[in-house]
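Here the structure comes first, spelled out in structure tokens, and everything after it is commentary.
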Amino acid sequence: MDSVFRVHSLCSYLAVFYQHIFNQHLLQRQHLQPLLKANTEQVWPSVFLLLCLVMLALVKVNAYSKVVKIVQSTFSVKAMHAMDREEVNPFKLYHLLLSLFFILNLSFLAYKINSVYRLILVQEARLAQFSFFLFLVCLVFVFKVLMNRLLSFFTNERKAVSEYTVNSVLVNETFGLLLFPWVILAEFSHYDPLIFICGAAVVLAAAMILKWYRGAIIVLVEERIGLLQTFSYFCVLEI
């Protein structure tokens, strides 16, 4: 009899010990079954980072000295004229890689701004948003190249337009390298991404101001083209 009482006490104790945590208060269970932990991590930003690092490695291995000259020409007029005398070929591998590097980072920055402020394509996947901005940036660059060709043809100022185009390409390639750390930190850092987005915006603004300054020097001082034509060009193609 005593053993039966002990077994009954033990069962009562175990029943109290193993009762559900929500039985003794007013909280109500919303899910009766266990929930799977959803994985929200995105793989493609890591692929983007790896692609950018591979491009930088290829440029460094194949044309490190050329990249140094490009950076120097961005901040030195003398180095810029030296690059002009070498007849810059934008279709060389390192120029293509650096230009593509700038386009990718600019597109990723646009995607990141859109993901923070939720402007357009909110319901679409993040990779689809990035692809949209990549297509848009490429479209703008193609449009700008075509308009430069038409402008040089109709105005007969081929030398000035060509010189400004080369200058613009070199500035983009240099500031693409400066833009990359801000874009990566905005995506992978645990801090507020808006801080790094603002830093990237400052880099882009500096690149634009430098291009406009170089363009004004080329067309107003060196080529002595009218102020109205210069202002019209910047309004149509740059702004």
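FYI, side chains are in, hydrogens and waters are out, and symmetry mates aren't considered; it's all heavy atoms of this structure.
- The hydrophobic cluster containing Phe135, built from Ile/Leu/Val/Met/Phe/Trp/Tyr side-chain heavy atoms closer than 4.5 Å, also comprises Leu139.
- For Asn105 against Phe101, the heavy-atom pair with the smallest separation is ND2-O, 2.7 Å.
- Distance alone, capped at 3.5 Å, places no donor-acceptor pair between the Ser168 side chain and the Tyr164 backbone.
- Shortest non-hydrogen contact noted between Tyr94 and Ile70 is CE1-CD1, 4.0 Å.
- With ring centers used as reference points, Phe175 lies 6.0 Å or more from Phe102.
- For residues 188-210, the set of pairs meeting the salt bridge (Lys or Arg N to Asp or Glu O under 4.0 Å) definition, not counting sequence neighbours, is empty.
- Between Phe133 and Phe108, the closest side-chain pair of non-hydrogen atoms is not below 4.5 Å.
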When the side chains of residues 46-64 are checked against the rest of the protein, which donor-acceptor pairs come out under 3.5 Å, sequence neighbours left out?
unit_1: Asn62; atom_1: ND2; unit_2: Leu58; atom_2: O; d: 3.0

Apply the test side-chain contact (heavy atoms from CB on, under 4.5 Å) to residues Phe180 and Val203: give CA-CA distance (whole Å), side-chain angles for both, the deciding distance (0.1 Å), then the verdict.
-> CA-CA 10 Å; Phe180 177 63; Val203 172; over 6 Å; no
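- A continuous path of Ile, Leu, Val, Met, Phe, Trp and Tyr side chains, each step under 4.5 Å between heavy atoms, connects Leu177 with Phe188, placing both in one hydrophobic cluster.
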With side-chain contact (heavy atoms from CB on, under 4.5 Å) as the test, would you mind laying out the steps for Arg149 and Leu146 before giving the verdict?
-> CA-CA 5 Å; Arg149 296 291 180 86; Leu146 294 177; 5.5 Å; no
Taking only distance into account, with no hydrogens and no angle test, what donor-acceptor pairs under 3.5 Å do side-chain atoms of residues 110-120 form with protein atoms, sequence neighbours excluded?
unit_1: Lys112; atom_1: NZ; unit_2: Glu187; atom_2: OE1; d: 2.9
unit_1: Asn114; atom_1: OD1; unit_2: Leu119; atom_2: N; d: 3.4
unit_1: Asn114; atom_1: OD1; unit_2: Ile120; atom_2: N; d: 2.9
unit_1: Asn114; atom_1: ND2; unit_2: Ile120; atom_2: O; d: 2.9
unit_1: Asn114; atom_1: ND2; unit_2: Gln129; atom_2: OE1; d: 2.9
unit_1: Ser115; atom_1: OG; unit_2: Tyr111; atom_2: O; d: 3.4
unit_1: Ser115; atom_1: OG; unit_2: Lys112; atom_2: O; d: 2.7

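- Interatomic distance, CD of Glu124 versus OG of Ser131, reported as 10.5 Å (0.5 Å rounding).
- Separation of atoms CD1 (Ile184) and OG (Ser189) is listed at 11.5 Å; rounding is to 0.5 Å.
- Interatomic distance, Glu163 CD to Arg214 CZ, rounded to the nearest 0.5 Å: 10.0 Å.
- Residues Val169 and Val71 do not share a hydrophobic cluster, clusters being chains of Ile/Leu/Val/Met/Phe/Trp/Tyr side chains in contact below 4.5 Å.
- Scanning all heavy atoms of the two residues, the minimum distance from Pro193 to Ala186 falls at CB-O, 3.4 Å.
- Nearest heavy-atom pair, Ala207 versus Val171, reported as atom, atom and distance to 0.1 Å: O-CG1, 3.7 Å.
- In this structure the side chain of Leu93 reaches within 4.5 angstrom of the side chain of Leu97, judged on heavy atoms.
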Assess whether side-chain contact (heavy atoms from CB on, under 4.5 Å) is satisfied between Ile197 and Val183, documenting all intermediate values.
-> CA-CA 7 Å; Ile197 289 175; Val183 170; over 6 Å; no
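- Within the structure, the side chain to side chain donor-acceptor pair (under 3.5 Å) test picks out the following pairs touching residues 171-186 (sequence neighbours left out): Thr74-Thr174, His95-Glu173, Ser99-Glu173, Asn172-Lys211.
- Trp44 and Leu109 fall within the same hydrophobic cluster, defined by Ile, Leu, Val, Met, Phe, Trp and Tyr side-chain heavy atoms under 4.5 Å apart, directly or through other members.
- For residues 42-55, there are no salt bridge (Lys or Arg N to Asp or Glu O under 4.0 Å) pairs, not counting sequence neighbours.
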Determine, step by step, whether Leu104 and Val137 satisfy the side-chain contact (heavy atoms from CB on, under 4.5 Å) criterion, reporting the C-alpha distance in whole Å, the side-chain angles of both residues, the deciding distance to 0.1 Å, and the verdict.
-> CA-CA 9 Å; Leu104 287 174; Val137 170; over 6 Å; no
